[in-house]
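Note that ligands are numbered from 1 as they come in the structure, with each ligand's atoms numbered from 1 the same way. Bear in mind that the values here come from a model prediction, so they are computed numbers and not experimental data.
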Amino acid sequence: MKTLNDFNFKDKKALIRVDFNVPLNENFEVTDDTRIVSAKPTIIKILEDGGSCVLMSHLGRPKGKQNEFSLKHIIPKIEDILGVEVKFASNCIGEEAEEKAAALKPGEILLLENLRFHEEETKGDKAFAKKLSKLGDIYVNDAFGTAHRAHASTTIVAEFFPENKCFGNLLAKEIESIKKVMEHGDKPVLAVLGGAKVSSKITVIENILDKVDHLIIGGGMTFTFVKAQGGKIGNSICEDDKMPLALEILKQAEEKGVKIHLPVDVVAADAFSNDANTQICDVRQIPTGWQGLDAGPDSLEIFDRVVNESKTILWNGPLGVFELENFAKGTIELGNSIAESTKNGAFSLVGGGDSVAAVKQFGFEDKVSYVSTGGGAMLESLEGKTLPGIAAILD
Ligand code: AMP
């Protein structure tokens with residue numbers, strides 16, 4: 001696996017695929033700069049080597065060239081974070097970009113306009129990728145968030161750098177963290193899967209059963225399992241057509257010696273609302289008209305014990321409807337347990353969709369070992385897929 005350390009960037013131009021797909025407010029100001037901050041170590045290392053950086057990214061889902069999706073809006077933020085002036089090419093390919101890239105001196109940075117202003121980017125067009133490849137000597141992929149897409153800048157462009165391509169620091173860290181959990185984590189290994197639906201996590205569950213000793217299943221998924229086992233779930237969210245699959249998963253887990261922990265009690269509500277009346281009840285005895293929206297206290301006690309006995313922990317998906325204050329307790333308590341276990345030496349990886357939002361919202365970011373930056377890419381890795389962006393570098 002080639003990383004930045006395999007190259008000396010002195011007098012070289014690095015063409016870096018970063019993920020600067022950041023949220024902007026109505027004044028085009030960056031409202032969450034995590035992704036830019038995450039790319040900093042790679043950029044600084046190359047500049048300190050005596051190289052220069054050509055940064056390419058997408059922003060949003062533009063239809064053609066739309067000013068609101070221009071990457072020029074984020075230049076002040078990048079300059080702020082890196083402490084280096086950022087030059088800009090108003091088209092990611094073509095004469096202007098080529099001239100500006102050629103004129104770059106060691107220590108300088110050029111940002112290219114939004115890759116997705118060209119539809120060839122998402123189509124993985126080879127001729128477009130070739131044009132991008134002219135802008136650098138060494139290709140560096142540091143965008144985990146798009147590594148599951150075979151786009152021109154994330155995958156196809158690597159073909160034009162057969163020897164000179166590598167992972168950036170961020171992508172390398174993402175790959176190592178996933179490996180640590182999925183391949184060589186200290187035992188016992190625990191996965192906590194929450195979130196809304198079994199259907200969106202099924203491939204993850206199936207793949208993960210071979211890797212873990214314990215599996216906590218929480219959130220809305222719980223009720224498909226509980227109903228399949230004959231429990232009364234009231235109005236709780238449930239995918240009836242997935243009930244046979246839920247039973248199959250339980251059977252497979254038993255055969256593989258994986259201990260599955262489902263909630264034993266829930267916070268039930270008489271409406272999907274923060275103002276609803278609530279009661280704690282047995283997960284198999286939810287009254288008609290009520291729905292389970294969070295894990296109950298007995299469940300949290302059990303989960304806390306399992307989390308604290310585990311040496312490697314993967315967390316994907318909230319334990320309840322954490323967006324509503326009255327149903328956030330399960331997710332917060334689980335975060336506390338994982339933070340404590342991490343403090344005592346466990347390795348914890350949080351990633352994939354809403355768990356990252358929850359971890360940030362409740363301030364656990366610095367209390368777990370690693371928070372993944374890629375939602376879809378993380379999920380596909382957990383499903384056991386080889387991501388095209390990663391394969392292209394390993395090739
Ligand atoms: P996912 O994107 O699959 O990780 O799902 C995250 C969503 O699951 C969040 O928006 C939660 O509000 C939702 N969720 C978690 N627990 C429940 C539940 N018991 N009932 C309904 N939705 C839930």
Problem - From CD1 (Ile390) to CD1 (Ile175), nearest 0.5 Å - result: 4.0 Å

Handout entry: N/O donor-acceptor pair under 3.5 Å between Glu325 side chain and Asn274 backbone
Key = no

Problem - Met221 near ligand 1 by a heavy-atom separation under 4.0 Å - result: no

Problem - Lys/Arg N to Asp/Glu carboxylate O, Lys227 vs Asp240, below 4.0 Å - result: yes

Practice task
Ignoring hydrogens, just give me the one of Ile237, Asn316, Val198 whose non-hydrogen atom is nearest atom 20 (N) of ligand 1.
Solution key: Ile237

Completion exercise
atom 15 (C) of ligand 1 has as its nearest protein heavy atom Gly320 O, 3.2 Å

Fill in the blank from the handout: Among non-hydrogen protein atoms, atom 6 (C) of ligand 1 lies closest to Asp354 OD2, 3.0 Å

Exercise for the section: For atom 5 (O) of ligand 1, grab the closest protein heavy atom and report residue, atom and distance to one decimal in Å. Expected result: Ala196 N, 3.0 Å

Practice task
Tell me which protein heavy atom sits closest to atom 17 (C) of ligand 1, plus the residue, atom name and distance to 0.1 Å.
Solution key: Gly220 N, 3.3 Å

Fill in the blank from the handout: atom 9 (C) of ligand 1: closest protein heavy atom, distance to 0.1 Å, is Glu323 OE2, 3.3 Å

Distance-only check: which donor-acceptor pairs under 3.5 Å involve side-chain atoms of residues 242-258, not counting sequence neighbours?
{"residue": "Glu248", "atom": "OE2", "partner": "Gln252", "partner atom": "NE2", "Å": "3.3"}
{"residue": "Lys256", "atom": "NZ", "partner": "Asp210", "partner atom": "OD1", "Å": "2.8"}

Problem - Any N or O of Lys201 closer than 3.5 Å to N or O of ligand 1 - result: yes

Handout entry: Residue list, side-chain contact (heavy atoms from CB on, under 4.5 Å) with Asp265, at least two apart or on another chain
Key = Ile280, Pro297, Asp298, Ser299

Exercise for the section: Please confirm whether Gly292 comes within less than 3.5 Å of ligand 1 when only nitrogen or oxygen atoms on both sides are compared. Expected result: yes

Practice task
Check Gln291 against ligand 1 and report side chain, backbone, both or neither, counting heavy atoms closer than 4.0 Å.
Solution key: neither

Handout entry: Minimum heavy-atom distance Val283-Val226, with the two atoms named
Key = O-CG1, 3.6 Å

Exercise for the section: Could you tell me whether ligand 1 has any atom less than 4.0 Å away from a heavy atom of Phe223? Expected result: yes

Exercise for the section: Return the orientation label for the Phe362 and Phe322 ring planes: parallel under 30°, perpendicular over 60°, tilted otherwise. Expected result: perpendicular

Exercise for the section: Could you tell me whether Val321 approaches ligand 1 through its side chain, its backbone, both or neither, with non-hydrogen atoms closer than 4.0 Å? Expected result: both

Handout entry: Validation row, ring centre Phe303 to ring centre His261 under 6.0 Å
Key = no

